Amino acid sequence: MTDQIKIFCPATIANISCGFDVLGVALDSVGDEMVVRKVSEKGIRITKLIGQDLPMETEKNVAGVAGLALLAASDHDGGFEIEIYKKIKAGSGIGSSAASSTGAVWAMNELLDRPFSKVDLVKFAMEGERLASGVAHADNVAPALFGGFTLVRSYDPLDVIPIPSPSELYATVIHPQIEVKTSDSRSILRTKITLAQGIKQWGNVGGLVAGLFTSDYDLIGRSLVDHIVEPIRSILIPGFHDVKSDAIKAGALGCGISGSGPSIFAFGKGVDTAQKVAQSMKEVYKNIGIAYDVHVSKVNIEGIRRI
Ligand code: ADP
């Protein structure tokens, strides 16, 4: 029996335009790596953390907290050691914490011969998200665990709906190296919306989900609109409107804020379009003089995987 596995934990885009707090997608070309070992000593220990300056104490690291949630629900007598090789920058808006919390629980479940369902794993990983942001949200952890697009239809009870991804759909993500405090990006949101805004938003959510199911790229593009959160949050991201309009000119189907920012994502059909979109996004930040990272990625339909 294997007592150790090495895994790839994908970055994820949450808050996909009209799907604020409910729609997310897993990426393929950017993610962390982890090595998880089953040991006889009880509890969880983070034995290595390379690539980012993050706490290694079990209770302060999302991988530790999510792992402890799984251990508490399991009859396993021993514990686990975790090595984390971070490639996703914390606070970038592409699910850095979700990659670690889902990676820990996915690997532990494999090493225990899969006693838990994917929905159980989402619940354990959400405890890591609670540590990272104060809110146990599932819109990054669900796509990391299920792969592809996911809709969190309901939290109580938790109901995660996997959504197929058209085969030529690519994401382009640009991460401008600026700090947007999560507390700021939350505090500026309005908590009330009008009926007219609601009608537009749920029309687009339905359109986006239908477009993904039927591989209707035009419908996906028409539906990637957010009338509620983006107009407010985009104020915190310099260059957002130029990035968006240039991405659309370069062929993107749609463009929006990834997670709570500052990363900006666009979807496009085919890798060539996605590369052109990347180029157009880079130009904007070159002109403003802000450093950036860019990722072009196919949608990752598998989610976390062994490597
Ligand atoms: P993102 O904006 O990429 O989604 P997150 O919201 O995932 O960023 O959260 C990053 C926060 O989680 C930081 O405050 C960081 O200190 C904390 N954190 C704790 N453990 C980890 C970990 N293993 N990986 C990433 N972030 C972690």
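Quick caveat: nothing in here was measured; it's all calculated off a predicted structure. First listed ligand is number 1; within each ligand, the first listed atom is number 1.
On a distance-only criterion, Gly95 and ligand 1 share at least one N/O pair closer than 3.5 Å. Looking at ligand 1, you'll find an N or O of Gly93 within less than 3.5 Å of one of its N or O atoms. Note: an N/O pair closer than 3.5 Å links Ser100 and ligand 1 by distance alone.
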Working note: Arg305 + Asp28, criterion salt bridge (charged side-chain N to carboxylate O under 4.0 Å, His left out); need CA distance, chi angles, decisive distance, verdict. CA-CA 11 Å; Arg305 61 173 178 266; Asp28 211 28; 3.2 Å; yes
Candidate pair Asp120 and Ser117, rule side chain to side chain donor-acceptor pair (under 3.5 Å), full reasoning: CA-CA 5 Å; Asp120 292 332; Ser117 70; 3.2 Å; yes
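Salt-bridge formation is detected for the pair Arg45/Glu41: a Lys NZ or Arg NE/NH1/NH2 atom is positioned less than 4.0 Å from an Asp or Glu carboxylate oxygen. We find that Glu83 and Arg37 are joined by a salt bridge, their nearest charged nitrogen and carboxylate oxygen being less than 4.0 Å apart. Salt bridge status for Asp53 with Lys86: absent, with no side-chain N to carboxylate O gap under 4.0 Å.
Judged by the shortest distance from any of its heavy atoms, Lys60 lies inside the 4.0 Å radius around the atoms of ligand 1. In this structure, Lys86 is part of the shell of residues with a heavy atom less than 4.0 angstrom from ligand 1. The shortest separation from a heavy atom of Gly259 to ligand 1 is not under 4.0 Å, leaving the residue out of contact.
The nearest heavy-atom contact from the protein to atom 13 (C) of ligand 1 is Ala90 CB, 4.4 Å. Of all protein heavy atoms, the one closest to atom 15 (C) of ligand 1 is Leu54 CD2, 3.5 Å. Annotation: atom 25 (C) of ligand 1 to nearest protein heavy atom, Ser96 OG, 3.3 Å. Annotation: atom 20 (N) of ligand 1 to nearest protein heavy atom, Val62 N, 3.1 Å. Summary of contacts: the protein heavy atom closest to atom 6 (O) of ligand 1 is Ser97 OG, 3.9 Å. Residue, atom and distance of the protein heavy atom nearest to atom 14 (O) of ligand 1 are Ala132 O, 4.5 Å.
No part of Ile88 comes within 4.0 Å of ligand 1, judged by heavy-atom distances.
For the side-chain contact (heavy atoms from CB on, under 4.5 Å) test with Ser185, the passing option among Ile235, Leu236, Ile232, Ile237 is Leu236; the others fail.
The CE atom of Met34 sits 13.0 Å away from atom CZ of Phe8, with the distance rounded to the nearest 0.5 Å.
Comparing Gly91, Ser185, Pro262 against atom 10 (C) of ligand 1, the shortest heavy-atom distance belongs to Gly91.
Taken together through direct or relayed side-chain contacts under 4.5 Å among Ile, Leu, Val, Met, Phe, Trp and Tyr, Tyr85 and Ile307 form parts of separate hydrophobic clusters.
Under the 6.0 Å cut-off for aromatic ring centres, Phe267 and Phe149 qualify, their centroids lying closer than that.
Between Phe116 and Phe124, the ring-plane angle classifies as perpendicular under the 30° and 60° cut-offs.
In summary, the atoms of ligand 1 found under 4.0 Å from a heavy atom of Asn61, numbered by their order in the structure, are 20 (N), 22 (C), 23 (N). Against a heavy-atom cut-off of under 4.0 Å, Ser92 is close to the following atoms of ligand 1: 1 (P), 2 (O), 3 (O).
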